[in-house]
Structure formats: structure tokens, C-alpha cells
Amino acid sequence: VYLQRLAQTRHHPVVQPGEAICPNDELVRTEYYHDYLRPQNVFHSLGMAMELDAGLHVHLGLVRSRQRPPFGPDEIRVAEGVAAHLGLAMQVRERSLP
């Protein structure tokens, strides 16, 4: 659900909570939620997307159960710092490959 919606946009924020991409009331009506997320007790998500050279995209995500609160501003700021560091580290690694 998330990647399909992001594919419709050219650029998206590096760090974004799942509900900003697919509102929770829509998420719970998807096959993805019923077949994959719910059986694993997963509801809230926080995604990180980084673009490397040659159009390669790396997507990382954090998830938690519905019993926990959604990811908040403090956690989003930490994830933004992690994403920035990982993006630079992956670029350096990619440039060092033969």
C-alpha cells in the first residue's frame, strides 16, 4: 500500500509516518493490512526512503503494534538523523565499489 502510493509521486519526504501516506481508516480496509500487518500485530509505521546514484532507492521502515502510540515528532527527528547518516554512508560505499 505504502510503496504503491509513493510510486505515484516523483519525490517524497525522506522520513514519513505511514498514516501520512495511507490514512489509518483506509489502511484497515486493505488486503495488505488483513493478510500481512494484522496477523503480525503491526499497525503504526515510520518509513525512511533514500535515493542513491543510478536511481536505486532504499526503503527502511519501523513498525509497532496498535496498542502503542503512533510515531511522534521526537521519533521522527531521530529517524531523520539516521536516514541522513545512512544515505551518506550508502553513497560513500557505492562510490568505493569497483
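Please read these numbers as outputs of a predicted model, since none were measured by experiment.
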What are the two closest non-hydrogen atoms of Glu19 and Pro70, and how far apart are they? OE2-CB, 3.7 Å
Is a side-chain donor or acceptor of His34 paired with a backbone partner of Val28 at a separation under 3.5 angstrom? yes
Summary of salt bridge (Lys or Arg N to Asp or Glu O under 4.0 Å) pairs that have at least one residue in residues 62-78, sequence neighbours excluded: Arg64-Glu75, Asp74-Arg77
So NE2 of His85 and CD of Glu80: to nearest 0.5 Å the spacing works out to 16.0 Å
Is Phe71 close to Leu62 at the side-chain level, that is, under 4.5 Å between some pair of heavy atoms? yes
Nearest heavy-atom contact between Met48 and Val15 is CG-CG2, 3.8 Å
Taking atom CD of Gln40 as the centre, does the number of heavy atoms from other residues, nucleotides or ligands within less than 6.0 Å exceed 12? yes
Is the shortest side-chain heavy-atom distance between Phe43 and Asn24 below 4.5 Å? yes
Any side-chain heavy-atom pair from Leu46 and Gln16 closer than 4.5 angstrom? no
I need the minimum non-hydrogen distance between Tyr32 and Leu27, along with the two atoms involved. CD2-CD1, 4.4 Å
Between Gly18 and Tyr2, the two heavy atoms sitting closest are O-CE2, 3.5 Å
Could you report the tightest heavy-atom contact between Val1 and Cys22, atom names first, then the distance? CG1-SG, 3.5 Å
